[in-house]
Amino acid sequence: IYADLVALHFHNSFESFIDHNDKLLRIRGMRLNQEKAFLTLSDMAHDDQKWESILKAKEREFSRMIQTANAPILAVDVDGHINQWNDKAVEITGFAKSEALGRNLVDEFIDNDQKENVEKVLRDALERKNTDNYQLPISTKDGRRVDILLNATCIEDEKGVVIGVM
């Protein structure tokens, strides 16, 4: 199993998984012996309902974490339309989530003198070229311009197709 081990996923302190030959295995136990780890594994394929329940719980946990993060988190689809706008983005910009979702980020929230730069950052991310610590100049509801720190990275679907930028 060591040669085929692809990834170790720590979901929380009680449940961990490994991906082995495209098969998800749950780590049931581990013991150490002279600097080697021995894992007790179970195949998640035989427990579809449990696996579905775990995935849904993790999805809710991840969504809650994004929505309540202490930093603005926003995402756009491949056409630049906002599809994620968390509580901190609401607080900083004054735009409610319902006011931001579906609108074009560059066209409606970026000043004309910065549109080209922001478009390049988004385009690069769509091409899997990440940008770290970019100061995104975004317009607020009351007409001010604020800079928020942006780490632009592509969002992929389950098949690895780029579907947006976060």
Side-chain angles (χ1 to χ4, degrees), residues 3-25 27 44 51-52 54-166:
D4 297 328
L5 189 63
V6 176
L8 179 61
H9 306 280
F10 288 101
H11 290 280
N12 61 42
S13 60
F14 301 107
E15 293 191 79
S16 299
F17 304 90
I18 61 171
D19 183 352
H20 176 257
N21 292 338
D22 292 326
K23 183 188 279 188
L24 197 63
L25 304 172
I27 299 174
M44 290 298 292
W51 177 235
E52 188 68 28
I54 290 169
L55 283 178
K56 286 183 181 190
K58 295 302 172 188
E59 185 178 299
R60 284 190 304 273
E61 179 182 341
F62 183 67
S63 293
R64 193 170 40 254
M65 186 174 58
I66 286 177
Q67 194 59 35
T68 62
N70 196 26
I73 298 176
L74 53 108
V76 296
D77 63 18
V78 294
D79 296 318
H81 295 101
I82 298 167
N83 56 20
Q84 178 59 253
W85 191 263
N86 77 344
D87 294 344
K88 188 55 85 171
V90 172
E91 180 184 325
I92 290 172
T93 66
F95 288 101
K97 186 174 187 173
S98 61
E99 294 174 301
L101 292 180
R103 293 174 67 182
N104 188 284
L105 176 66
V106 174
D107 290 346
E108 301 187 47
F109 292 92
I110 306 299
D111 289 341
N112 287 334
D113 64 327
Q114 293 296 316
K115 286 184 184 207
E116 190 174 319
N117 294 334
V118 174
E119 285 173 343
K120 180 180 180 342
V121 168
L122 296 177
R123 198 171 40 252
D124 284 351
L126 289 171
E127 295 172 2
R128 293 182 165 85
K129 297 177 206 160
N130 296 345
T131 299
D132 295 328
N133 300 319
Y134 178 77
Q135 289 190 359
L136 179 69
I138 195 163
S139 297
T140 64
K141 192 170 186 176
D142 63 8
R144 295 177 298 117
R145 182 172 124 179
V146 296
D147 289 339
I148 61 174
L149 200 58
L150 176 71
N151 292 314
T153 187
C154 70
I155 303 169
E156 299 175 342
D157 68 9
E158 64 278 355
K159 296 178 183 172
V161 176
V162 175
I163 59 170
V165 175
M166 180 178 270

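Scope of the values below: all heavy atoms of this structure, side chains included, with no hydrogens, waters or symmetry mates.
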*Just do the salt bridge (Lys or Arg N to Asp or Glu O under 4.0 Å) check on R64 and E61 with the steps written out, would you?*
CA-CA 5 Å; R64 193 170 40 254; E61 179 182 341; 5.7 Å; no
*So, R144 and D142, do they make that salt bridge, N to O below 4.0 Å?*
yes
*Can a salt bridge be assigned to the pair D111 and K115 using a cut-off of 4.0 Å between side-chain N and carboxylate O?*
no
_Partner residues of Q135 under the side chain to side chain donor-acceptor pair (under 3.5 Å) criterion, sequence neighbours left out_ = none
*Would you say the side chains of T153 and N130 form a donor-acceptor pair under 3.5 Å?*
yes
*With a 3.5 Å cut-off and no angle check, do the side chains of N86 and Q67 form a donor-acceptor pair?*
no
How far does [atom1] of [X] sit from [atom2] of [Y], to the nearest 0.5 angstrom?
X    : Y    : atom1 : atom2 : value
F95  : I138 : CZ    : CD1   : 8.0 Å
E119 : D107 : CD    : CG    : 7.0 Å
L101 : W85  : CG    : CH2   : 9.0 Å
T131 : D124 : OG1   : CG    : 5.5 Å
K129 : C154 : NZ    : SG    : 12.0 Å
N133 : L150 : CG    : CG    : 9.5 Å

Would you say [X] and [Y] make side-chain contact, with heavy atoms under 4.5 Å?
X    : Y    : value
I110 : L136 : yes
V165 : I155 : no
P137 : V118 : yes
K141 : E99  : yes
T140 : F109 : no

*asked:* Is it true that, when you exclude D157 itself, more than 12 heavy atoms of the residues, nucleotides or ligands shown sit nearer than 6.0 Å to its CG?
replied: yes
*Should we count CD of E127 as having more than 12 external heavy atoms under 6.0 Å?*
yes
Which donor-acceptor pairs under 3.5 Å do side chains of residues 71-84 form with protein atoms, sequence neighbours excluded?
unit_1	atom_1	unit_2	atom_2	d
D77	OD1	D79	N	2.9
D77	OD1	G80	N	3.0
D77	OD1	H81	N	2.9

_Has N104 got a side-chain atom pairing as donor or acceptor with E108's backbone, closer than 3.5 angstrom?_
no
